[in-house]
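Single-structure report; data block below.
Counting from 1, the numbers follow the sequence of the chain as shown.
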Amino acid sequence: MAAKLKKRALAEFSHVIQEEPKPVKRLRLIQKPTQQELYINFTSASSSQESLQMLVSLEQKFPLDQAGAERVFPEIMEHYNGNRDTVVRSKILAVLNRMVMTPGFNPQVVSDQLLPKLKSEKSHRVLSLLLSVLKTIGCCLANSPAFHAQLVAAACPLLKSQSHLVRARCLELIGELGSCDDRLRDGAMSEGILSLLGQHTSDDEPRVRTSAFRGMLCLYERGQSLDQSIYSQACSGLQDDCEDVRRAAVKLVWVLSRLYPENLVNTEEGGQELRLVDDGFSKICNMVQDISMKVRMESASLLGSLHQVSSAFLEQTLDKKLMSNMRRKVSAHDRAKENFQSGEWATGARWADDKPREALDADSVSLMNIGACGAFVHGLEDEYLEVRNAALDSLCELAYQSPKFAVLSQDSIIDMVNDEIESVRLNAINSLRKLTRHLILRDDQLEIILGVLQDFSFTTREALRGLLGEIRVATRESVSSTVMALLDNLRRYPEDRTSVWRCSQKLGQRHPQLTMMVSEELLCLHPYFDSPEPDMDDPAYVTVLLAVFNAAAICPTMVALFPEHTRRHYTYLRSSMPELVPPIQAIEGTEMASKTQAAQLASNTRDFLKQLTGRLAGLSSLDLDTAEQLLSISVRDLQHVQTLDEQTSASAECTCLFLSSQLLLTQLMKSVVHRGTCMVYSENMAAPVEKILQQTTQLQTLFLGLSSGLRAAIRQTEIKALMLQLLLTLSCASLGDKIRACNTFRQFLGLVKSSVDSEPDAYESLTKQIVSLYDSVDWSRLQMLYDIVHNFAQMLRPSALTVPCNVKKTKAIIHEPPPSSDNAVKFPANLAANVTLVAEVNNLEDTNRLGVLVRYPDQRVQVVTPQATAWKRLGQLRHRLVMQVLLAHGLWSESCHVEFTLAVQACGHGRQLLKVQDSIPIAKPVKVLVFPKPLKR
């Protein structure tokens, strides 16, 4: 049996199978056709419809280049001159209106051919489009006042046209290109531009009246001076039937109120003289009750910038009833004189026929129109959120300028905190936050505000906590109710923990005396009985302690009330959360560092950095052993210094990271073993080179404000590291690896070459010689390249640097999820669960470069890019990130930790050319316990 099996096996293995050769896959290379030159031929069009189709096809190819526009323009103008169809000519002018804006194209050529056609054109539609094209040409030729005057002179005769389109386009052209100093001559008539526009504010057509008012506004925006004489025309436009006319007239009244605030004008109601800013303010207030939402929003938004208005008019906007100080006072002699001049006497036929005139009708004796009373009240009660937001913005701006008005407007703004629209509530909270220096909240007002802490929106709750941390309250009950509301907020929304703690800290800082009055209540202390020690893991207890400790730092008499466990808790919180818990001298028993001492520490740290970098100035001239010892000592000192002072920690860390790369580079150069004329490189050189490139990438990615000299030193370090890597590859790698290494090094030299040419003084002479290899070496000859790089490698030395000043480091703090949570996030396997991520990012220029790294227990990494709506700007280079991260995984046998961190995309070409796409973490990782459970069937 064994013999048969052996025979069968030998037969099977001796059998030869010949496979047919597979056909070679051939690649088909297709050369894309070059872009055809733009060409249009109207002679092939047999009808107007085909001409329109050709023009539409041409318009779809916009924007054109200069050559294409110059090639097509003669054909278009020839067809325009020979075609009588109004629709085709209108379309041609629409195409020309876009063509004249082509960069490099001369629009003067178009105007020379179109300007004479203003006199011969009969179609009103084509004529209006002609004026639009000429206006666009005039805007393109902004530095040609003579040409502008020519266009305005040509457009003025067309103001007598019967078409409202032509008249409106003429007025738009005059407003865009005219000058108030020019005089227009039409026969015997000589008048100014402003007078001409004013005449058409009473035109029969509303679109013409709108263009006239907008022309005046355009003159103002272009820096032309407007005369006060047009104020009456602007006021008459406020009563126009057209919405657009009223909007333009309101804007014009606002412009004149800012230009001539102290000039006196006569009121229409009582014939009294008022300051123009007061009269204009009252008229704009009256437009807040306009029937059009756009007019109301425009009027409400303009009120806030009239800072010079009188306080009497300002205060009247918060009361719908006419105040007594807004009534015109008339003496008895004037009343008798007025009755005598009217020739009317009391007949006795009617009761109270001879009562004083000023009591007859409030409208006839007020300095302010009755409709303008309570303008902000009407604006804040408007049915449209756009009007309410505009009224809030204006009210906040005016209240910021006047402390008295801020106190009066306090109730109105607080009422808007309960608005039904989230954006309005948020606007009201931010408006109150801007006025905190003028306001003190009463108990009833605080009760209204604290209700917003139950809002579902995280943004609204965050804004309100910021307000509570800055505003002042009046009584001890207010402090107690605020703390209780914060605790309720913490119970409803545990993810707000960090923000609630920060709010409690500021509350204690701003109200130390009031907090001392309620400290026994907050800490649950009894005068006779000892209270149990609370749990330090309870976020609510930490919230109370933060308010009490921050108040005790200002009011040290509170410390005597603290039981022993509260003192121990202070020590724990002081070490774990030093940014929230201030030093309390009565507890610590040592003198606290003052601001001058902190400044002295920062100054000493800067001096140390300067001395350290000064000792390293001659680093390149030292031998490698001495340089290594000096660099290692410097790196060790800097690692300690960067933990001492927060103000100079970024500069110390940047210097430490750069010197660490120089230390690695020095050790690499020491590892070179000389054997005659050749150099043998060990295999362990690859890891240090990789580490050097990682450090240089971190320097270019994480630190802002690097000087040009430091950037040049970083690039030189990358050149040296890549050169050593190239030398290692050429000595012991395969042919393919050698070619790839040569291409990578050559690409990097090409990227650095432009920087060396622009800033030659920032680079060493050796670096310039290495960069010159980019054009002077045949990169295909590997042996020759090896010899050249070998010679340069023997001359490499570490580089020194100056102290980096005003350097900032990109960093982030993850507030949510909490770092130590034993509650596992459970979800069905292969489905998704969301985890709320709240982080604060500092010194980040571009938020699009940041991503969330999620590392699962199986070492799978997921990168989540935050949406634009997840970001909120807190200040310059400061952002808050609030987003939901989705977790999904298969079934696990037990709960494991998933790691969250924030990382930014790496900058610098060294690692990118090596096809290594790094994401550099900027936050301390946070671990979340996750347990995917099996599906229930």
Quick one: pull up [atom1] in [X] and [atom2] in [Y] and give me the separation to the nearest 0.5 Å.
{"X": "Thr717", "Y": "Leu699", "atom1": "OG1", "atom2": "CG", "value": "8.5 Å"}
{"X": "Ile471", "Y": "Ile429", "atom1": "CD1", "atom2": "CD1", "value": "11.0 Å"}
{"X": "Thr460", "Y": "Asn430", "atom1": "OG1", "atom2": "CG", "value": "9.5 Å"}
{"X": "Glu422", "Y": "Asn427", "atom1": "CD", "atom2": "CG", "value": "12.0 Å"}
{"X": "Thr901", "Y": "Lys924", "atom1": "OG1", "atom2": "NZ", "value": "11.0 Å"}
{"X": "Leu395", "Y": "Met416", "atom1": "CG", "atom2": "CE", "value": "10.0 Å"}

Keeping [X] on the side-chain end and [Y] on the backbone end, is there a donor-acceptor pair under 3.5 Å?
{"X": "Ser504", "Y": "Thr543", "value": "yes"}
{"X": "Thr810", "Y": "Leu702", "value": "yes"}
{"X": "Arg878", "Y": "Arg873", "value": "no"}
{"X": "Asn843", "Y": "Lys809", "value": "yes"}
{"X": "Thr436", "Y": "Arg433", "value": "yes"}
{"X": "Arg849", "Y": "Val904", "value": "no"}
{"X": "Ser499", "Y": "Asp496", "value": "no"}
{"X": "Ser394", "Y": "Ala300", "value": "yes"}
{"X": "Tyr493", "Y": "Gln454", "value": "yes"}
{"X": "Glu899", "Y": "Pro925", "value": "no"}

Side chains of Glu397 and Ser305, donor plus acceptor under 3.5 Å
no
So which atom in [X] and which in [Y] form the shortest heavy-atom distance, rounded to 0.1 Å?
{"X": "Pro817", "Y": "Val926", "result": "O-CG1, 3.4 Å"}
{"X": "Ile421", "Y": "Asp419", "result": "N-OD2, 2.9 Å"}
{"X": "Leu490", "Y": "Arg497", "result": "CD1-CA, 3.5 Å"}
{"X": "Met99", "Y": "Leu64", "result": "CE-CD1, 4.4 Å"}

[atom1]/[X]: more than 12 non-hydrogen atoms of other groups inside 6.0 Å:
{"X": "Lys808", "atom1": "NZ", "result": "no"}
{"X": "Arg98", "atom1": "CZ", "result": "yes"}
{"X": "Glu579", "atom1": "CD", "result": "yes"}
{"X": "Tyr400", "atom1": "OH", "result": "no"}
{"X": "Tyr384", "atom1": "OH", "result": "no"}

Sole candidate of Gln695, Arg711, Glu718 that passes side chain to side chain donor-acceptor pair (under 3.5 Å) when paired with Gln700:
Glu718
Does NZ or CZ of Arg860 lie under 6.0 Å from the centre of the six-membered ring of Tyr856, at an angle within 45° of the ring axis?
yes
Lys/Arg N to Asp/Glu carboxylate O, Arg880 vs Glu462, below 4.0 Å
yes
